[in-house]
Amino acid sequence: MVKVTLPDGSIREYADGSTALDVAKSISEGLARNVLAANVNGEVVDATRALPLEAQLSLLTWNDAEGKSTMWHSSAHLMAEALEFYYPGIKLAIGPPVANGFYYDVDFMDYEIREDDLPKIEAKMKELAKSKLEFVRKEVSKADALSYFEEKNDPYKLELINELEDGSITFYTQGNFTDLCRGPHIPNSGFIKAVKLTSIAGAYWRGDENNKQLTRIYGITFPKQAELTEYLEKVEEAKKRDHRKLGKELELFTFSQKVGQGLPLWLPKGAALRERLENFLKRAQRKSGYDQVISPHIGNKELYVCSGHYEKYGADSFQPIKTPDENEEFLLKPMNCPHHCEIYKSKPRSYKDLPVRFAEFGTVYRYEQSGELHGLTRVRGFTQDDAHIFCTPDQVKEEFIKVIDLVLYIFKTLKFDQFKAQVSLRDPENPGKYIGSDENWKKAEQAILDAVEEKDLPAVVEYGEAAFYGPKLDFMVQDALGREWQLGTIQVDYNLPERFELEFTGSDNQKHRPVMIHRAPFGSMERFVAVLLEHCAGDFPLWLTSEQIAILPISDKYNSYAQKVLDLLNNSDIRGFVDDRSEKIGKKIRDAELKKIPFMLIVGEKEAEQQEVSVRRRQHGDLGAMSIEDFAKLVNEAVESELAMNV
RNA sequence: GCCGGUGUAGCUCAGUUGGCCAGAGCAGCUGAUUUGUAAUCAGCUGGUCGGGGGUUCGAAUCCCUCCACCGGCUCCA
């Protein structure tokens with residue numbers, strides 16, 4: 001008998017050889033129709049596989065992430081079958097599920113495939129799906145596996161098989177298609193009701209640009225047509241939030257081919273926004289004991305030779321500029337830290353001075369490959385909200401906590417409630433590739449883990465992701481299209497203090513080496529503004545937005561009253577403008593709404609007489625008339641509560 | 001950098017068997033209108049069709065090349 005424990009704790013018994021599907025059927029036919037895969041004793045497997053004698057079982061459906069990915073994995077196989085139908089002889093590489101669908105990397109040999117070809121492949125997939133092909137699992141010996149793909153002459157599969165252990169190799173077959181695959185798969189292709197192949201792109205075999213470039217086809221499938229429609233609508237909606245589109249519409253930034261690729265130009269409204277963000281952070285940093293410093297945009301090449309950056313990145317960077325007479329070489333600043341190290345060295349430091357915290361909105365220039373540039377999120381010239389903390393190894397934890405507080409304050413103020421933190425630690429397998437003493441590493445890694453725990457951050461720990469010079473903590477958020485971007489970062493560094501021979505005098509009157517912490521809560525102003533723009537869909541918080549109010553006179557007769565209202569509100573630190581065009585009020589309101597201005601003040605005969613304003617809140621409508629003082633108070637209180645430092 | 005796609009007015013886009021002066025809406029300008037909570041009307045300006053080269057009697061349209069942008073890959077101090 002097979003003893004099955006279900007997620008609710010109930011235990012049921014079944015005949016030997018029963019499958020998860022049999023269990024589902026015994027519960028309800030409806031459930032059985034929806035089971036895509038099963039989690040058996042912690043492992044996701046085919047719902048059609050015989051259960052072990054003791055099974056902790058949960059049935060996976062479309063509502064489970066593993067259910068979705070199983071179906072998408074099967075969809076990749078289905079696509080491969082459709083592709084082989086149209087392009088016999090193609091070589092298949094890998095076809096995994098991803099966050100939103102699946103892809104297959106294919107070597108199309110001499111075939112040409114274009115986006116226009118995708119619909120016919122979709123159609124074939126739907127046709128195959130309809131015939132409810134079963135996905136049949138088969139264990140094969142390594143020799144048989146090799147001979148199968150030798151016959152098929154597929155070098156990619158052969159390479160993969162060669163790396164596998166004999167005895168652990170499985171094939172899956174559906175219809176006329178057999179693939180090397182660990183599985184699991186859905187019971188049959190009939191679950192796939194809606195298919196959309198979304199894009200076609202190049203991808204290197206095993207992600208290595210020295211390897212052959214394959215053709216990657218991305219797709220997504222759903223169990224219902226309606227869900228596909230909904231998904232496509234969501235994608236459309238996300239495109240409307242794209243920061244590149246909003247940035248243009250709201251006149252925040254632009255690019256010019258003449259100025260150069262990846263070099264953003266901040267327009268007045270964007271610059272004002274950015275300045276406000278900078279002041280916001282500066283104010284918070286002042287409270288946390290940072291000192292502002294300023295360093296130039298170029299630095300002697302020797303500075304970066306000393307820091308080690310030149311050796312590591314010099315060849316792939318903007319090349320040095322030279323002085324005309326002495327041929328002295330200077331680099332565009334790719335990092336602020338070497339400069340800050342020299343600032344640290346400007347005078348002797350005592351343990352009593354530590355921690356020392358130098359902050360700078362430092363603009364840096366890095367050569368990014370042209371294909372990598374992307375709106376404001378990936379550029380060649382950008383401004384880091386950088387700071388370097390020089391402290392003793394014992395102070396690392398406290399400093400981490402303080403920086404985390406700062407990051408959380410920023411996230412809270414700007415309503416980023418969906419973020420994740422990643423702790424990057426040493427690769428325990430390979431301790432030799434890191435600089436710094438083992439003792440200090442242990443201390444710092446523990447400090448970060450403690451800080452994360454203390455602050456209750458949603459964090460994942462990644463071993464081997466640390467930089468060679470120290471462990472780090474990164475903050476990640478997603479953009480409107482689900483792409484993940486790193487924002488803030490906090491990194492421990494043992495390397496630069498060593499290279500720059502930084503010192504402080506301890507209480508023992510001996511020289512000691514400080515630890516350096518790099519940190520940038522926004523990451524870069526460019527990327528942060530981009531992600532923020534998408535996050536709030538252009539509806540910035542009141543404190544941040546460039547134009548808080550639009551004063552809309554009913555007719556030209558009230559322009560002078562409108563101007564007077566603006567002057568009064570300006571005196572109360574409220575920003576805005578008078579729309580004095582001879583347009584009808586409906587038009588002025590529409591335009592202000594489209595410009596995403598939070599408050600519209602309508603002024604006409606009544607208001608001028610009463611010395612009032614009629615307030616209209618964007619997307620809410622008419623709030624009625626109030627005195628100018630009351631409105632100023634309303635705005636200022638709203639701003640204050642948005643900025644409250646109560647983390 | 002690599003693969004694929006795209007490039008027509010400030011913006012969004014039409015213009016494909018190569019053929020008269022390259023079009024529309026919005027924006028802008030001028031004038032009329034003086035307006036009460038999401039588009040008042042009329043007229044006008046504006047483009048060497050991304051740049052360069054070629055094929056042709058003739059190119060926005062076909063070919064080559066360069067550039068930029070978009071989707072990925074690789075990379076990211």
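Per chain, numbering begins at 1; letters A, B, ... match sequence-line order. Excluded from the calculations below are hydrogen atoms, water molecules and symmetry mates; all remaining heavy atoms, backbone and side chain alike, are included.
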Classify the nucleic acid contact of A:Ile602 as base, sugar-phosphate or nothing, counting any heavy atom under 4.0 Å across all strands shown.
base
A:Tyr104 side-chain N/O to B:G72 phosphate OP1/OP2 under 4.0 Å
no
Applying a 3.5 Å limit to both distances, which nucleotide forms a Watson-Crick or G-U wobble pair with B:G10?
B:C26
Tell me what A:Tyr103 touches on the nucleic acid: a base, only sugar-phosphate, or nothing, going by heavy atoms under 4.0 Å.
nothing
Touch check for A:Ala203, heavy atoms < 4.0 angstrom, all strands: base, sugar-phosphate only, or nothing?
sugar-phosphate
Centroid distance under 5.5 Å and plane angle under 30°, A:Tyr313 vs B:A77:
yes
For A:Tyr310 and B:A77, is the shortest distance between a side-chain N/O and OP1 or OP2 below 4.0 Å?
no
What's A:Arg216 touching, base or sugar-phosphate or nothing? Going by heavy atoms closer than 4.0 Å.
sugar-phosphate
Which whole-number value in Å describes the distance from A:Gln257 CD to B:G51 P?
10 Å
Mind checking if A:Arg366 touches a base, just sugar-phosphate, or nothing, with heavy atoms under 4.0 Å?
base
Ignoring hydrogens and angles, answer whether the base of B:C2 and the side-chain atoms of A:Gln213 contain a donor-acceptor pair closer than 3.5 Å.
yes
For the base of B:G36, is there a side-chain donor-acceptor partner from A:Glu607 under 3.5 Å away?
yes
Can a side chain N or O of A:His620 be found less than 4.0 Å away from OP1 or OP2 on B:U37?
no
Closest approach to the side chain of A:Ser317, judged atom by atom: which nucleotide of B:A77, B:A38, B:C2 is it?
B:A77
Base, sugar-phosphate, or nothing: which does A:Gly586 touch, judged by heavy atoms less than 4.0 Å apart?
sugar-phosphate
Give one of base, sugar-phosphate or nothing for A:Gln619, where a contact means two heavy atoms less than 4.0 Å apart.
nothing
Result block: side-chain N/O donor-acceptor pairs under 3.5 angstrom for residues 550-562 of chain A, not counting sequence neighbours:
residue: A:Ser555; atom: OG; partner: A:Lys557; partner atom: N; Å: 3.3
residue: A:Tyr561; atom: OH; partner: A:Glu607; partner atom: O; Å: 3.4
residue: A:Tyr561; atom: OH; partner: A:Glu612; partner atom: N; Å: 3.0
residue: A:Tyr561; atom: OH; partner: A:Glu612; partner atom: O; Å: 2.7

Across the strands shown, which category fits A:Lys248 at heavy-atom distances under 4.0 angstrom: base, sugar-phosphate, nothing?
sugar-phosphate
With the side chain of A:Gln369 defined as its heavy atoms from C-beta on, choose the nearest nucleotide among B:A38, B:U35, B:G1.
B:G1
Picking from B:A39, B:G71, B:U35, the nucleotide nearest the side-chain atoms of A:Ser555 would be B:U35
Using only side-chain N and O atoms of A:Arg244, determine if any of them is under 4.0 Å from OP1 or OP2 of B:G71.
yes
Reckon A:Gln486 touches a base, only the sugar-phosphate, or nothing at all at heavy-atom distances under 4.0 Å?
nothing
In terms of ring plane angle, is the pair A:Tyr469 and A:His518 parallel, tilted or perpendicular, where the classes change at 30° and 60°?
tilted
Across every strand shown, the nucleotide meeting Watson-Crick or G-U wobble geometry with B:G4 (both distances under 3.5 Å) is B:C70
Across the strands shown, which category fits A:Lys557 at heavy-atom distances under 4.0 angstrom: base, sugar-phosphate, nothing?
sugar-phosphate
Candidates B:G1, B:A39, B:U33 - which lies nearest the side chain of A:Ser582
B:U33
Tell me what A:Gln261 touches on the nucleic acid: a base, only sugar-phosphate, or nothing, going by heavy atoms under 4.0 Å.
sugar-phosphate
Is a donor from one side chain sitting under 3.5 angstrom from an acceptor on the other, for A:Thr221 and A:Lys196?
no
If you define the side chain from C-beta out and look only at heavy atoms, does anything of A:Pro96 sit under 4.5 Å from A:Tyr103?
yes
Looking only at side-chain atoms of A:Arg378, point me to the closest of B:C76, B:U37, B:G72.
B:C76
At 4.0 Å (heavy atoms only), tell me whether A:Gly604 reaches a base, stays on the sugar-phosphate, or touches nothing.
base
Looking across every strand, which nucleic acid part, if any, lies under 4.0 Å from A:His518 by heavy atom: base, sugar-phosphate, or nothing?
nothing
Classify the ring geometry of A:Tyr87 against A:Tyr111: parallel below 30°, tilted from 30° to 60°, perpendicular beyond 60°.
perpendicular
At 4.0 Å (heavy atoms only), tell me whether A:Thr215 reaches a base, stays on the sugar-phosphate, or touches nothing.
nothing
Verify the contact: side-chain N or O of A:Arg114 to OP1 or OP2 of B:G4, cut-off strictly under 4.0 Å; return yes or no.
no
